[in-house]
Amino acid sequence: MTIDRVDVLDYGFVRLCDHMGSDLSIVRAARVSYDAAWRAGEDEKGDERLIRYLWAHHHTSPFEAVTFTFEVKAPIFVFRQWHRHRTQSYNELSARYRELSEEFYIPEVPAIGTQSTNNKQGRSTDDPTILTQRAKEVGDYKYQCKQAFYLYKRLLNQGWPRELARAVLPVSTYSHMFSTMNLLNLFRFLSLRIDSHAQYEIRVYAIAMLQLIRPVVPTAVDAWVRNAGLDIPV
Ligand SMILES: Cc1cc2nc3c(=O)[nH]c(=O)nc-3n(C[C@H](O)[C@H](O)[C@H](O)COP(=O)(O)OP(=O)(O)OC[C@H]3O[C@@H](n4cnc5c(N)ncnc54)[C@H](O)[C@@H]3O)c2cc1C
């Protein structure tokens, strides 16, 4: 059975809502270069070879013939990173229109770690001796988020506009969006966001997206994985 949704983090998920095209769409787009006859998929081995050749030689425009729309629920700080990718088209829940649900991301204790000493942006999760301490601190983190939601609801009850009351909420609060992109831009996103330098909380979304598109464009994904230089099973 093909899955269309992967649960991510504590309240998040990625769903593949729509897609247009397949490996064959890439082949058809490429073969117009030499005005080849319409292909219905009668030469699977030849098509696979062509897709691998195209990707390996940076002949990327045929990969734009395939399009995906994902529904995503993720913490706001993940969306801050995600929305830097300008080649995706977004529609997001508006906290001006409606009150936000009390759902905020709580990291799992072993995934917290410490500030990395060799990567200014990253974290290190190598030290097991801090786990007990982190387990206590995550309680403080949760308390602070709950307090923020308590104030948010109180301000709303006192008549504050939603568009201002939301400003007291933490960036761990979950939001919800649809994002549409072509396969080439999706591969670019995955290359940056599956990479070990990307934050864990966005990497898990990128890995889920890869899992969802693999059945739709298996040969293209395989060609990308082989060239991506990332630690992903081929
Ligand atoms: C590990 C990591 C750390 C990061 N740290 C920071 C940080 O500290 N601060 C920060 O601000 N950002 C940071 N970023 C975001 C990063 O700088 C990019 O904004 C983000 O990864 C989107 O990449 P992109 O521009 O290639 O993607 P897209 O916006 O999807 O663009 C795809 C490609 O289209 C082309 N393109 C799109 N728009 C333009 C344009 N206007 N002009 C020219 N070419 C264009 C470029 O070739 C680009 O590579 C980080 C990203 C990563 C992965």
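Ligands are counted one by one from 1 in listed order, and the atoms in each one are counted from 1 as well. When reading the values below, keep in mind they use all heavy atoms of this one structure, side chains included, and skip hydrogens, waters and symmetry mates. Treat the numbers as computed from the prediction; the structure is a model and nothing was measured.
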At a heavy-atom distance under 4.0 Å, which protein residues reach ligand 1? Sort them by chain and number, would you?
-> R84, H85, R86, T87, Q121, L192, R193, H197
Could you list the residues that satisfy salt bridge (Lys or Arg N to Asp or Glu O under 4.0 Å) with R193, not counting sequence neighbours?
-> none
Within one Ile-Leu-Val-Met-Phe-Trp-Tyr cluster: Y53 and I51, side-chain cutoff 4.5 Å | no
Quick one: sort the H176 and F178 rings into parallel, tilted or perpendicular, breaks at 30° and 60°.
-> tilted
So, R49 and D47, do they make that salt bridge, N to O below 4.0 Å?
-> no
Please tabulate, for the side chains in residues 99-111, all donor-acceptor contacts under 3.5 angstrom to protein atoms that are two or more places apart in sequence or on a different chain.
from: S101; atom 1: OG; to: R98; atom 2: NH2; distance (Å): 3.2
from: E102; atom 1: OE1; to: K153; atom 2: NZ; distance (Å): 2.6
from: E102; atom 1: OE2; to: K146; atom 2: NZ; distance (Å): 3.2
from: E103; atom 1: OE1; to: K73; atom 2: NZ; distance (Å): 2.7
from: E103; atom 1: OE2; to: K73; atom 2: NZ; distance (Å): 3.3
from: Y105; atom 1: OH; to: E201; atom 2: OE2; distance (Å): 2.7

Using the test side-chain contact (heavy atoms from CB on, under 4.5 Å), find all partners of T125 that sit at least two apart in sequence or belong to another chain.
-> R123
